[in-house]
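The structure appears right after this line, and notes come after that.
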4 protein chains.
Amino acid sequence: MTVVPDPVRRSDRARLAILGATVELLAEVGYRRLSIEAIAARAGVGKQTIYRWWPSKGAVVFDALMAQQEEAGTDVPETDDLAADLRLLLRGTVAGMADPGVDATYRALTTEVQHDAPLARDMRERMLGPLLEATRQRIARGQASGQIDGAVDPAVVVELLYGPIFHRWLLRTAPLDDAYADALAAHVLRAVRPG
Amino acid sequence: MTVVPDPVRRSDRARLAILGATVELLAEVGYRRLSIEAIAARAGVGKQTIYRWWPSKGAVVFDALMAQQEEAGTDVPETDDLAADLRLLLRGTVAGMADPGVDATYRALTTEVQHDAPLARDMRERMLGPLLEATRQRIARGQASGQIDGAVDPAVVVELLYGPIFHRWLLRTAPLDDAYADALAAHVLRAVRPG
Amino acid sequence: MTVVPDPVRRSDRARLAILGATVELLAEVGYRRLSIEAIAARAGVGKQTIYRWWPSKGAVVFDALMAQQEEAGTDVPETDDLAADLRLLLRGTVAGMADPGVDATYRALTTEVQHDAPLARDMRERMLGPLLEATRQRIARGQASGQIDGAVDPAVVVELLYGPIFHRWLLRTAPLDDAYADALAAHVLRAVRPG
Amino acid sequence: MTVVPDPVRRSDRARLAILGATVELLAEVGYRRLSIEAIAARAGVGKQTIYRWWPSKGAVVFDALMAQQEEAGTDVPETDDLAADLRLLLRGTVAGMADPGVDATYRALTTEVQHDAPLARDMRERMLGPLLEATRQRIARGQASGQIDGAVDPAVVVELLYGPIFHRWLLRTAPLDDAYADALAAHVLRAVRPG
DNA sequence: GCTTAAACGAGACGGTACGTCCAGTCTTACT
DNA sequence: AGTAAGACTGGACGTACCGTCTCGTTTAAGC
């Protein structure tokens, strides 16, 4: 006996229309002025159908984003040249943030998880987690191969890489460009070099 | 010729009541459920008086916070022991975020500046700027005294210090405690040490 | 294809509560200080529910009155004694206006139709029309039976009966009592008598 | 010791500007959307100056109208031909109502006096009274000269003349034109003819 | 193939808050 | 003292959405 609707009966037509309408409206009016009411109207769907399957506006948006990006896999560069790898990683990260659509939605999502614990959990586990873990493993393998000092904590290094970019991006304290990515990579490199 | 009402005529009674009510309501219901309507009611003020002087809820909250904290000056530790100074700085930062009231309001503010450019500017210039600049000068003086390598860029170091904490705090990817502050300080120290 | 919401879905509970609250509030505070907001609150109804079904405050009040009075049918006295009939008709009219509740609401309605054309139409067609027409037919039958001169225009006579009362009532130029009703009836009788 | 401001100090400039602005705005936006605020702004006058000298919006409008019309004296036609006099009187009355500006303002005034007793008194005494009295005297003189039956009450006849027009005008139950004026005059004539 | 229960579209409902407008009062500076 | 200016408290406006709640209407599973 479950309280959740039988997933078998779920209308795929409705689900896709909702996700599609959400993506469209996000682009048109932004997250702030996005309303469940508008999504339902655009998708040609009753509001109840949205409330039946998603607990909040944030959850719909999150699913819409995940659907859009599920093919774009996480890959952390890994060659013999650690310095080049770090530069490449950070330049890629910075470039991703530069896309206006991506920028807007990630800001919205970051905003939304501040007062939506289940969504925050989803974001951590399905979005952030895989990326941070992949990066941590790259650092750990760098230690194993002697390119990185064994004393450093890979988890800390991961945040040394992404934290400053996140800070600068979200608070817009300074431009986020390749020059900054390179400078940051160079400084992190100093922190992890052996000896 | 200005579009803003003559500040001379502004009622200080009303201004202070609004700021006070805002602080109270923030503590009681949180930023999300804070409404202009409720602030006006609590302050015994017409809504128009709020709209006359502030462009948005975020601006009121920002002013309320600034009023509360304007005496709490920014001070970056500066002794002969660089390592101890960094640990102290980061422990202090982490401790500040731990206060539930501070935590909630800074999250709200960070959220709000994402769709409120003038407020973002205020936050950068009046709140973040002084702190980041004071920290940058501490690093620069460390270079002048030879404790820090002359090749590092003080501005990048500032973000190496605060970025990871900000990332962990806002995204709640891991606990934010003294142990983490110390570990982070140690890693940044590796990045800036001479040689 | 209609622009009006499907009447089938309309909640009778809400409709009756609104009409009831309107009648109550009219009695308590008068038309002028009657607000949609207060009606909604008293009726335990969202404001939108009122705006969904009525275009204006006046329309709500009109419906409330019609609901109250729809059973009180229009009847124009008709016996063999024309003079007595006219006296009775005008005394009845005067008496109706004397009730404080009726007085206040009709004044309000008369006021409101001055700047609300659709409401004016409703008032004419659903409220005034039937009364004036019934009176006109009484006069016409008086002509048919020879009690009234065939040369007079029944429509003009109708206004000769109600016009002076309306004028004295609305402008309060003089007391509106049975003596006046009788005097007026006598004068109109002079105007319509055969010969 | 009076509570009323010393009339000596009253600024005629302000008074005239207020009355003028009121007339202009009445023509532009109508009575309903006329606000004290707008009058003050248009007249270049502080709101307090209006509140100091007039108790209500209606009073300002009434004064503005009286100022406009104080020269247009009341004159009731009086020749040897009673029928022609009555036709002329009613045609003139009907024609006055036909002017859009006059129509709008008198409707507004009639509306306003419904909930403004002092204004109602003013209207009765300074506007309606003289006209009704002049008409009554015309009827009385008609009796004295034998053109009108001595048994009729002149005051009732006055209302027999104006009441139907007022009714038809305010409620817009039928067109108000010369034909109606003539028909009405003819019927009233039947009521007052000797014998 | 028929039944039946769910999910569906539609949209009304009770509410909350929005941002605007104006009323009528109060305050300040100027004339 | 009267005035122009305009800030003040207060309160209603009409709108936008919220999340819940019926309504019939598909739709698809299981009898």
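Just so it is clear, the values below take in all heavy atoms, side chains as well, and ignore hydrogens, waters and symmetry mates. Order of the sequence lines sets the chain letters (A, B, ...), proteins ahead of strands, with each chain counted from 1.
- Rounded to whole Å, the distance from NZ on K57(B) to P on dT16(E) is 16 Å.
- Judged as a side-chain contact (heavy atoms from CB on, under 4.5 Å), and not counting sequence neighbours, the contacts of A38(C) are L25(C), S35(C).
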Below 3.5 Å is the cut-off: list the nitrogen or oxygen pairs between protein and nucleotides 8-12 of chain F, distance only.
from: dC8(F); atom 1: OP1; to: S11(B); atom 2: N; distance (Å): 2.9
from: dC8(F); atom 1: OP2; to: R52(B); atom 2: NE; distance (Å): 3.1
from: dC8(F); atom 1: OP2; to: R52(B); atom 2: NH2; distance (Å): 3.4
from: dC8(F); atom 1: OP2; to: W53(B); atom 2: NE1; distance (Å): 2.6
from: dT9(F); atom 1: OP1; to: R13(B); atom 2: NH1; distance (Å): 2.7
from: dT9(F); atom 1: OP2; to: G46(B); atom 2: N; distance (Å): 3.4
from: dT9(F); atom 1: OP2; to: T49(B); atom 2: OG1; distance (Å): 2.8

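- For the pair D116(D) CG and dG24(E) P, the computed distance is 11 Å after rounding to whole Å.
- Taking T105(B) as the reference, L26(B), V61(B), L65(B) meet the side-chain contact (heavy atoms from CB on, under 4.5 Å) condition, with sequence neighbours excluded.
- dC8(E) atom P lies 16 Å from atom OH of Y51(A), rounded to whole Å.
- Looking at residues two or more places apart in sequence or on another chain, you find a salt bridge (Lys or Arg N to Asp or Glu O under 4.0 Å) between R121(D) and E125(D).
- For the pair R32(D) CZ and dA23(E) P, the computed distance is 12 Å after rounding to whole Å.
- In this structure a side-chain-to-backbone donor-acceptor pair under 3.5 Å is missing from K47(D) to I36(D).
- One atom, CZ of R42(A), and another, P of dA10(E), lie 15 Å apart when rounded to the nearest Å.
- Considering only residues two or more places apart in sequence or on other chains, E112(A) meets the salt bridge (Lys or Arg N to Asp or Glu O under 4.0 Å) condition with none of them.
- One atom, CH2 of W54(A), and another, P of dG19(F), lie 15 Å apart when rounded to the nearest Å.
- Residues forming a salt bridge (Lys or Arg N to Asp or Glu O under 4.0 Å) with R13(C) (at least two apart in sequence, or on another chain): none.
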